[in-house]
Structures are given as C-alpha cells and as structure tokens.
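Data block below; observations after.
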Amino acid sequence: MQQGWLSNWLVKHDVVHRSLGFDHRGIETLQIKAGDWDSIAVILYVYGYNYLRSQCAYDVAPGGSLASVYHLTRIQYGIDNPEEVCIKVFAQKDNPRIPSVFWVWRSADFQERESYDMVGIFYDNHPRLKRILMPESWIGWPLRKDYITPNFYEIQDAH
C-alpha cells in the first residue's frame, strides 16, 4: 500500500502506526494505538498540525471496537491548499479509553464530550468529561450498534 509523506516520516522516527490509505480527496488516514496517541498528537501539533477540524466517533461493529477519528489541518499563512491528515484511534468496547487531546487542541473539548455521550469512549485527562447532549441520568450509549432503545422516555422539566 502506498504511504504518504507523514506516514513515511513516522516510520523514519520509529513511531508505530498503520497507514489506512487515502480518501477520495487524497487525504491520508493513519491508525494510531491508543497508548501512543497523546505523544503523537503533540508531535503532530509541533510539526504544524495546529487545527483540529473535527473529531467524531463510531462503533465499528457489534461486539467489536470503537473508533475515535480526528481530522487535522496544517494551516500556514500564504498557503492556499493546507495539508490535512485523518487519524483513527481504536479502543475495545470492554475498556474504551483513549487519551484526550484537549490539552493539545482546545477545540476537542465539546467534540470529545459528544463522542463520550453518544458512543461511550472515555477520554483520559479530559477536564470536563460529562454528557453534553443526553441527560446525566441517561443509561447507555445511543450510537452504539448494540444499544437497545428504551420503551419509553421520561421527559423532565418539559413545558
């Protein structure tokens, strides 16, 4: 499989990762181990990926793993076509823990909270990891493929 310049740079510096190829826009997607994600995030930030465009999470398969996806952009003045990379960090459903990158990109705050709320990934060292869309009393993770929808919803404080 063809590797992009970032993947080649990571190989040169003995950073463990896996290239997942390129999307339709030519943006490389890399898979990073959860245990390495916080240090690799700092490396990417120092290298110039100073903008977290988006972060999302999804359930890969029933009984399988969960994925946290980061779209990073390297923005520089005078550049019309900024460089982008997509990072996927996988976690097992029985212990879905991934290091938070809030301290690297502050824009990860609400995005990681939404991923926690909907998919149930715990972001270690996140300063305010609590539900953002669902009530605090909600049980379960609504966007997991094995989620069972309750038969009723109790609407509190409805007017």
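Since the model is a prediction, treat every value here as computed from it, not as a measurement. Starting from 1, each residue takes its place in the sequence as its number.
- Classification of the Y70-W37 ring pair by plane angle, with boundaries at 30° and 60°, yields tilted.
- The distance from atom OG of S107 to atom CD of E112, rounded to the nearest 0.5 Å, is 9.0 Å.
- Checked against the 6.0 Å centroid criterion, the rings of Y123 and F102 do not qualify as a close aromatic pair.
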For this session: Assess whether side chain to side chain contact (heavy atoms under 4.5 Å, CB included) is satisfied between I32 and R18, documenting all intermediate values.
Result: CA-CA 7 Å; I32 304 294; R18 185 174 134 210; over 6 Å; no
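- When only modelled atom types and interatomic distance are considered, H17 and D36 share no side-chain donor-acceptor pair under 3.5 Å.
- Residues L44 and I87 are in side-chain contact: their nearest non-hydrogen atoms beyond the backbone lie under 4.5 Å apart.
- Note that the NE2 atom of H71 and the CG atom of L52 stand 9.5 Å from one another [nearest 0.5 Å].
- Residues in residues 130-145 take part in these salt bridge (Lys or Arg N to Asp or Glu O under 4.0 Å) pairs, two or more places apart or across chains: D117-R131.
- A continuous path of ILVMFWY side-chain contacts below 4.5 Å connects V119 to W138, so both sit in one hydrophobic cluster.
- Aromatic ring centres of Y49 and W105: separated by at least 6.0 Å.
- Residues Y45 and L72 fall within the same hydrophobic cluster, defined by Ile, Leu, Val, Met, Phe, Trp and Tyr side chains chained together at heavy-atom separations under 4.5 Å.
- Checked by atom type, the side-chain pair Q92/S65 shows no donor-acceptor distance below 3.5 Å.
- For the residue pair S68/Q55, the side-chain donor-acceptor check at 3.5 Å is satisfied.
- The shortest side-chain heavy-atom distance between T73 and E83 does not fall under the 4.5 Å cut-off.
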Problem set entry | CA sep, side-chain torsions, deciding dist, call: D38, V101, side chain to side chain contact (heavy atoms under 4.5 Å, CB included) | CA-CA 6 Å; D38 51 353; V101 293; 5.9 Å; no
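- Judged by distance alone, the side chain of H13 and the main-chain N or O of V15 form no donor-acceptor pair under 3.5 Å.
- Between I121 and A67, the shortest heavy-atom distance links the atoms CD1-O, 3.9 Å.
- Connection of F122 to V60 is not established within any shared hydrophobic cluster, with ILVMFWY side chains joined at heavy-atom distances below 4.5 Å, either directly or through further cluster members.
- Rounding to the nearest 0.5 angstrom, the gap separating the CD atom in Q31 from the SG atom in C86 is 11.0 Å.
- Counting all heavy atoms, side chain and backbone alike, P96 lies closest to G120 at CG-O, 3.3 Å.
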Problem set entry | Chi angles and distances behind the side chain to side chain contact (heavy atoms under 4.5 Å, CB included) call for T29, F22 | CA-CA 6 Å; T29 302; F22 296 85; over 6 Å; no
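- Closest heavy-atom contact between A108 and H126: O-NE2, 4.3 Å.
- No side-chain heavy atom of L30 sits less than 4.5 Å from a side-chain heavy atom of K88.
- Taken to the nearest 0.5 Å, the CD1 atom of I132 stands 7.0 Å off from the CG atom of D109.
- Cation-pi contact between R74 and Y47: present, with separation from the ring centre below 6.0 Å and deviation from the ring axis of at most 45°.
- Within 6.0 Å of atom OH in Y58, more than 12 heavy atoms from other residues, nucleotides or ligands are found, so the atom counts as buried in its surroundings.
- From D124, atom CG reaches atom OG of S100 across 8.5 Å, with rounding to the nearest 0.5 Å.
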For this session: Report the C-alpha separation of S7 and E28 in whole Å, then their side-chain angles, then the decisive distance to 0.1 Å, and conclude whether the side chain to side chain contact (heavy atoms under 4.5 Å, CB included) test is met.
Result: CA-CA 8 Å; S7 184; E28 186 174 22; 3.1 Å; yes
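- Rounded to the nearest 0.5 Å, atoms CE (M118) and CG (L143) are 6.0 Å apart.
- Cluster membership check: V46 shares its hydrophobic cluster with L6, using side-chain heavy-atom separations under 4.5 Å among Ile, Leu, Val, Met, Phe, Trp and Tyr.
- Linking Ile, Leu, Val, Met, Phe, Trp and Tyr whenever their side-chain heavy atoms come within less than 4.5 Å leaves V89 and V16 in two separate clusters.
- No side-chain donor from either of S54 and Q111 sits under 3.5 Å from a side-chain acceptor of the other.
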